[in-house]
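Have a look at the structure below, then the notes.
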Amino acid sequence: MLEPKKQKFRKRHKGRARKRAKETRGIALSHGSIGIQALGTSWVTARQIEAVRKTIAHTLKKEGKVWIRVFPDKPVTKFPPEVTMGGGKGDVDHHVVSVRPGRVLFEIDGVEEEMAREALTKAGHKLPIKTRIITKE
């Protein structure tokens, strides 16, 4: 699964969700000819990204090229069950990437458009947000 090799700080603040804020970076296709774009706001975990990658690879049958345009660099901490209050912040449990509307998550090139659309449609079901398929014009 994806996670940073090194980080300046091990734990990070949650931050505040900006529900209405649109993404300003990574909103256009830059590598492939067809991609999947987020329509909502959410944290996407490294496991979800890996599930999408495996689904796309399985559907394309090792043809074409896939680009992952997001990287989970935000650590999320969690306390074990039945632990009393106090004692600081919990240990890092997993990593996420904060996705806002308009962000391109995956891109595909080198396969027929209908096969790529099928792969990205299946991939969209693995994500916790609504998505749409975009193409280069």
Side-chain angles (χ1 to χ4, degrees):
M1 283 193 297
L2 297 170
E3 71 175 28
K5 288 185 182 132
K6 277 174 58 176
Q7 284 187 321
K8 189 168 184 180
F9 299 105
R10 202 163 44 96
K11 299 174 184 178
R12 199 190 292 183
H13 293 302
K14 266 186 191 172
R16 292 285 167 260
R18 290 175 277 170
K19 296 279 185 195
R20 296 178 189 199
K22 297 251 192 272
E23 189 64 77
T24 56
R25 303 171 294 122
I27 57 175
L29 294 174
S30 61
H31 305 294
S33 58
I34 188 166
I36 189 166
Q37 187 178 42
L39 295 178
T41 305
S42 179
W43 282 357
V44 179
T45 67
R47 285 178 182 226
Q48 289 165 341
I49 293 170
E50 179 65 12
V52 170
R53 187 197 64 77
K54 286 173 75 171
T55 301
I56 291 172
H58 181 76
T59 308
L60 296 182
K61 299 182 178 104
K62 296 185 180 179
E63 293 178 18
K65 177 120 173 81
V66 178
W67 287 271
I68 303 172
R69 295 280 308 275
V70 290
F71 185 80
D73 60 344
K74 182 177 190 158
V76 176
T77 59
K78 194 172 183 182
F79 265 120
E82 299 181 17
V83 174
T84 57
M85 295 289 284
K89 197 169 171 73
D91 294 325
V92 174
D93 185 50
H94 60 278
H95 289 81
V96 299
V97 60
S98 183
V99 174
R100 295 189 300 184
R103 182 72 179 216
V104 175
L105 305 172
F106 289 84
E107 293 183 27
I108 298 176
D109 200 12
V111 293
E112 296 175 15
E113 187 174 342
E114 78 175 53
M115 187 183 240
R117 280 188 180 275
E118 180 189 346
L120 291 175
T121 303
K122 286 180 181 179
H125 296 303
K126 306 282 182 188
L127 293 167
I129 48 177
K130 288 187 178 180
T131 57
R132 71 174 174 190
I133 296 170
I134 57 171
T135 57
K136 267 189 180 171
E137 275 112 21

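We find that R117 and E114 are not joined by a salt bridge, their nearest charged nitrogen and carboxylate oxygen being 4.0 Å or further apart. For K122 and E118, the salt-bridge test passes: some basic side-chain N is under 4.0 Å from an acidic carboxylate O.
For the pair I27/V104, no side-chain contact is recorded, criterion being any heavy-atom separation below 4.5 Å from C-beta on. Residues D91 and T77 fail the side-chain proximity criterion, which asks for heavy atoms closer than 4.5 Å. Counting only heavy atoms from C-beta outward, the side chains of L39 and T131 never approach each other to under 4.5 Å. In this structure, I34 and D109 have side chains that are not in contact, with every pair of non-hydrogen atoms separated by 4.5 Å or more.
Between A123 and I56, the closest heavy-atom pair is CB-CG1, 3.9 Å. Contact between T41 and P101 at its shortest, heavy atoms only, is OG1-CD, 3.3 Å. Scanning all heavy atoms of the two residues, the minimum distance from R25 to R103 falls at O-NH1, 3.6 Å.
Looking at S30 and R69, their side chains do bring a donor and an acceptor atom within 3.5 Å of each other.
Counting non-hydrogen atoms of other residues, nucleotides and ligands closer than 6.0 Å to NZ of K126 gives a total of 12 or fewer. No more than 12 heavy atoms of other residues, nucleotides or ligands shown are found within 6.0 angstrom of NE2 on H58.
Here the straight-line distance linking atom CG of D73 with atom CG of L2 works out to 10.5 Å at 0.5 Å rounding.
Note on L60: it clusters hydrophobically with I49, by side-chain heavy-atom contacts below 4.5 Å among ILVMFWY residues.
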